[in-house]
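First comes the structure, then the notes that go with it.
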Amino acid sequence: MEKSLKELKNDYMIFQQKIPNYLEHCKTLLKIEKLSYSYEEIETMFKIYIDNYEKPNKLNLTYEELCNTLYAYSGEAFIFHLGGEWALGTTKSDKAYGTPTIIKWGGNDYPWSRISPMIWKRRLEKFGIEDMNPRLIFGKW
């Protein structure tokens, strides 16, 4: 059964509250004290996800926790490099409906722009790291 918008908003609020916890998971997984969001760090985080999403219990995480960790990290990395802010995808016809997205990153000329870390997760699972060059995704255009 599809979740109601109210349920999706509640899930999103919980995700927002847990972003600091997810970023702590990232530091543990990356074995670092502070996140830099460098391209190398982003690529390493993508590799950790690829190597573990089928068996996240190896990391003492559930699949949902690992996904949310990836969403939080990649979203914060994107905001670090290109700006923007978190928002819930609320357009039913959008593939990112009901998921955390990043809006307002395109500047004043692109107020409609939004991007979804969920899509990056799907691409990682489907195509692997070769399809996910951090310099292309997170670099200034």
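Quantities reported herein were computed from a predicted structural model and do not represent experimental measurements.
The side chain to side chain contact (heavy atoms under 4.5 Å, CB included) test applied to E2 returns K92, Y97, not counting sequence neighbours. A search for side chain to side chain donor-acceptor pair (under 3.5 Å) contacts involving K18 returns nothing, not counting sequence neighbours. Taking the salt bridge (charged side-chain N to carboxylate O under 4.0 Å, His left out) definition, one finds that E40 meets it with R135, sequence neighbours left out. Taking the side chain to side chain donor-acceptor pair (under 3.5 Å) definition, one finds that K95 meets it with nothing, sequence neighbours left out. With sequence neighbours excluded, the residues satisfying side chain to side chain contact (heavy atoms under 4.5 Å, CB included) with S93 are T91. K9 pairs by the salt bridge (charged side-chain N to carboxylate O under 4.0 Å, His left out) definition with nothing, not counting sequence neighbours. Residues that satisfy the side chain to side chain donor-acceptor pair (under 3.5 Å) test with Q17, not counting sequence neighbours, are absent from this structure. Applying the side chain to side chain donor-acceptor pair (under 3.5 Å) criterion to E85, with sequence neighbours excluded, gives no partner residue. Contacts of K126 classified as salt bridge (charged side-chain N to carboxylate O under 4.0 Å, His left out), with partners at least two apart in sequence or in another chain: none. For D11, the salt bridge (charged side-chain N to carboxylate O under 4.0 Å, His left out) test picks out K3, with sequence neighbours left out.
Residues L35 and L30 form a side-chain contact, since some pair of their non-hydrogen atoms from C-beta on lies under 4.5 Å apart. T101 is listed as a side-chain neighbour of I103, based on a closest heavy-atom distance under 4.5 Å. Using a 4.5 Å heavy-atom threshold, the side chains of P117 and I102 count as touching.
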Legend entry - Derivation of the side-chain contact (heavy atoms from CB on, under 4.5 Å) call for F46 and I42: CA-CA 6 Å; F46 284 172; I42 295 166; 3.8 Å; yes

Legend entry - Evaluation steps, side-chain contact (heavy atoms from CB on, under 4.5 Å), between W105 and I115: CA-CA 9 Å; W105 63 271; I115 198 154; 3.9 Å; yes

Inset, instruction - Report the C-alpha distance between W120 and F78 in whole Å, list the side-chain angles of each, state the deciding distance to 0.1 Å, and finish with yes or no for side-chain contact (heavy atoms from CB on, under 4.5 Å). - result: CA-CA 11 Å; W120 300 327; F78 190 88; 3.6 Å; yes

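Closest approach of L29 and M45 over heavy atoms only: CD1-CE, 3.9 Å. Considering all non-hydrogen atoms of both residues, A96 and M118 come closest at CA-CE, 3.7 Å.
Side chain of H81 to backbone of Y37: a donor-acceptor contact under 3.5 angstrom is found.
One hydrophobic cluster holds both I119 and L124 under the rule that ILVMFWY side chains link at heavy-atom gaps under 4.5 Å. Tracing side-chain contacts under 4.5 Å through hydrophobic residues (I, L, V, M, F, W, Y), one never reaches F127 starting from Y49; they form parts of separate clusters.
Annotation: side-chain hydrogen bond (donor to acceptor under 3.5 Å, both in side chains) contacts involving residues 67-77, sequence neighbours excluded, comprise Y22-N68, E41-Y73, E76-W86.
K34 contributes atom NZ, which lies 10.0 Å from atom CD1 of I32 (distance to the nearest 0.5 angstrom). Atom-to-atom distance recorded for K47:NZ and D51:CG is 9.0 Å, nearest 0.5 angstrom.
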Let me check something: any side-chain donor-acceptor pairs from residues 52-61 under 3.5 Å, sequence neighbours excluded? List them with distances.
from: N52; atom 1: ND2; to: I48; atom 2: O; distance (Å): 2.8
from: Y53; atom 1: OH; to: E125; atom 2: O; distance (Å): 3.4

